[in-house]
Amino acid sequence: MDTLKAEVYEMLKRAIHAAIEAGELPISEAPDIPFSPTKAPEHGDIATPVALGLAKKARMAPLTIAETIVRHVNLDEHLRIDKFEIAGPGFINIHLSNKWMYDTLRTIVAAKSLYGTCDKGAGKRVQIEFVSANPTGPLNIVSGRAAAVGDTLVNLLNAVGYDAIREYYVNDAGGQVERLGESIDVRYRQALGEDSLEIPEGGYQGEYLQEFAQTIVAAEGDTYLQLSEEERVVHFRDKGIAHLLGQQKASLERFGVDFDVWTSEKAIRDSGKPEEIIALFREKAYLYKAEGATWFRMTGFGDDKDCVVIRSNGEYTYFVPDAAYHRDKFDRGFNKVIDLLGPDHQGHVTRLKNFVKALGLPEDWLEISIIQQVNLVDSDGTRLDMSKRRGQFFTLDALIDELASTVGEQFAVDVARYFFLMRANNTHLDFNLELAITQANENPVFYIQYAHARCCSIFQQGDEQGIQPKPVDAVSLRQLTEPMEHELIRKLAGFPSIVLFSAEEREAHRIPHYLLELAGLFHPYYNQHRVLDTSNIERTYARLILVQSVQTVLANGLTLLGISAPESM
RNA sequence: GCGCCUAUAGCUCAAUUGGAUAGAGCAACGGACUUCUAAUCCGUAGGUUGCAGGUUCGAUUCCUGCUAGGCGUACCA
């Protein structure tokens, strides 16, 4: 479709030039030619409103302009185009030929799992950092959403020719993990009978730390009481990080997300890079001292307030290692870095970008996208709070457990991923848990998977009846005469540009919607037109090619989303 | 206060980035299983795209101002 669009673009451009030279179009140069996909079949396969745009400049009626352009088009140039038609206020509708339909099917059948891919990214290296939750508790639902989106974006970028990787930044240093160590220490001593203790201010209240402390007591008893409190906190901190990070990794694996690189904040801090960053900032006079702390002149970059980079106690704030981390990403040679941050990080977007600018890195090198919050909603509409600090949250694992109890483990992951992916990143997502469970059978993901299973089933049935699909070159595709077949092929032909578009625009949610539409065309077709028909074997072979193409595109789309494409349901 | 996000059918959301008659699913109502899987299909109904202006051939989309909701605005990460 893409190459076809490029060819149509050239044809129209030549036609406009010809019209200008013939003195029939009073404009100086050919304009850009926009294309819009058509909504109704009678509007053809591709449409362009170019005549509408020229109306003012040429001081002519749009319809007249459209007629003039079409008159100068040389149709013989192109076998895949049937006709140009003028409609409505001045749209030029392009109707594609049967040859184009047949070519589309041949392309899909030949490309198989590669259909939809391209090399547009030219091997450019992209890193997407996502989830990056503190190792202070289990992954929550928002992390699950980020995991699904990030994983799919990497798939999409790789599909269109980039060299993209998944990276997780482990915040295993700083104040948060100190609070973790303190919290575990309190839970440990509580487990040994010190009832009067309380979790310190800013600590972690969650039950999971009580359980963790109990497993420590069960395994090692009260041996740690011999250590000083300071030693204990350090020990429990490291033990807790290892335990919780392991838990997060297990959750992600269960969710089908496999990170390529895990980068430790502690390692960044120990690398000496933060010191280099500070030295650089100091050299550029971005820093000043006030109230015992060292501040960065964020206001010089257009922000409304400065921010502390070295606290009065001499420790770095989060920003220094984070700036160093991004410097490190750049040094590793990524052409583009995309951070998917949680909703509570929106204050960081501007600052992080400013730090990157202060480091002298290209402005468009870092792209930050906020994965908006997920509200778990009860059927009565009440929202469940998911803050980790308050110890009251719904974990990703708990969500999958819930779903798995009704639909099984594999579908639970499929359903959760689909729900997370079907919304645009920057929209708030209400996840009605009860609805997701009780109406699992009516879930759109099943609708799509069922379409795929039906395709497989047709081949299995055919096999039992002794009907084997023939190679596409041995099949008369002329047999595909139904309007629904033309519409299906049109939809199939659009897949590569949807993949490219959603990769370039980081809009993963277009894939679920596309697949839903494709399934929505296939199911009615299946119901109204029989594929396997021994009384019309030629047409059967042709339809098998179409079914095979639908199956391929559904499978390819689902694979991009990390969702299974079952052969039977 | 300032900043970011959101507002589309009863509900949850689309609308290929400014194009033709704003589309799906769920919920509601009425139909279709001796036929490749009824987890499906067909049909009916459902809209002043939050409100008021502006930009232009054309606005759900862009601009301004309101209104409502969410989030952020740490010497936490």
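Remember, it's a predicted structure, so these values are computed and weren't measured experimentally. Letters A, B, ... mirror the listed sequences (proteins, then strands); counts begin at 1.
A sub-4.0 Å separation between OP1 or OP2 of B:U16 and a side-chain N or O of A:His509 is absent.
Note on A:Gln528: only backbone sugar-phosphate atoms sit closer than 4.0 angstrom, heavy atoms only; bases stay farther off. If you check every strand for non-hydrogen atoms under 4.0 Å, A:Ala47 touches a base. Contacts of A:Tyr514 with the nucleic acid, taken as non-hydrogen atoms under 4.0 Å apart, are absent. Using a 4.0 Å heavy-atom cutoff across all strands shown, A:Glu315 reaches no nucleic acid atom at all. At the heavy-atom level, A:Pro343 lies under 4.0 Å from the strands shown only through sugar-phosphate atoms.
Between A:Tyr288 and A:Thr294, every side-chain heavy-atom pair lies at or beyond the 4.5 Å cut-off.
Applying the salt bridge (Lys or Arg N to Asp or Glu O under 4.0 Å) test to A:Glu178 and every residue at least two apart in sequence or in another chain returns A:Arg237. For the side-chain contact (heavy atoms from CB on, under 4.5 Å) test, residues two or more places apart in sequence or in another chain that qualify with A:His513 are A:His509. Scored by the side-chain contact (heavy atoms from CB on, under 4.5 Å) test, A:Pro524 finds A:Met484, A:Gln528 as partners (sequence neighbours excluded). In this structure A:Asn354 satisfies the side-chain contact (heavy atoms from CB on, under 4.5 Å) test together with A:Met298, A:Phe301, A:Asp303, A:Thr350, A:Lys357, sequence neighbours excluded. Legend: residues meeting side-chain contact (heavy atoms from CB on, under 4.5 Å) with A:Tyr318, ordered by chain and number and at least two apart, are A:Asn171, A:Asp322. Partners of A:Arg297 by salt bridge (Lys or Arg N to Asp or Glu O under 4.0 Å), not counting sequence neighbours: none found.
Each of B:C75, B:A14, B:C57 was ranked by its minimum atom distance to the side chain of A:Arg423; first place goes to B:A14. Comparing B:G19, B:A15, B:C36 against the side chain of A:Leu532 picks out B:C36 as the nearest.
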Let me have the donor-acceptor pairs involving side chains of residues 534-546 of chain A, under 3.5 Å, with sequence neighbours excluded, atom names and distances please.
residue, atom, partner, partner atom, Å
A:Ser535, OG, A:Asp533, OD1, 2.7
A:Ser535, OG, A:Asp533, OD2, 3.3
A:Asn536, OD1, A:Arg539, N, 3.3
A:Arg539, NH2, A:Asp533, OD2, 3.4
A:Thr540, OG1, A:Val531, O, 3.3
A:Thr540, OG1, A:Asp533, N, 3.0
A:Thr540, OG1, A:Asp533, O, 2.9
A:Thr540, OG1, A:Asn536, O, 3.0
A:Arg543, NE, A:Glu485, OE2, 2.9
A:Arg543, NE, A:Tyr525, OH, 3.3
A:Arg543, NH1, A:Arg530, O, 2.7

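An anti orientation is assigned to B:C11, its glycosidic angle lying beyond 90° of 0.
The pair A:Asp172-A:Lys266 fails the salt-bridge criterion, with no side-chain N (NZ, NE, NH1 or NH2) lying under 4.0 Å from an Asp/Glu carboxylate O.
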Report, one pair per line, the protein and nucleotides 31-35 of chain B atoms (nitrogen or oxygen only) whose separation is under 3.5 Å.
residue, atom, partner, partner atom, Å
B:U35, O2', A:Arg530, NH1, 2.5

Between the protein and nucleotides 7-11 of chain B, which nitrogen or oxygen pairs come in under 3.5 angstrom?
none

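Using a 4.0 Å cut-off on heavy atoms, the residues of residues 83-94 of chain A that approach RNA chain B are A:Ala87, A:Phe91, A:Asn93, listed by number.
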Check your understanding: In dot-bracket notation, what is the pairing pattern of RNA chain B, taking Watson-Crick (N1-N3 plus N6-O4 or O6-N4) and G-U wobble (N1-O2 and O6-N3) contacts under 3.5 Å, with [ ] crossing and | for other strands?
Key -> (((((((..((((.....[...)))).(((((.......))))).....(((((..]....))))))))))))....
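Evaluation of the salt bridge (Lys or Arg N to Asp or Glu O under 4.0 Å) test over residues 513-525 of chain A, restricted to residues two or more places apart or in two chains, returns A:Lys491-A:Glu517.
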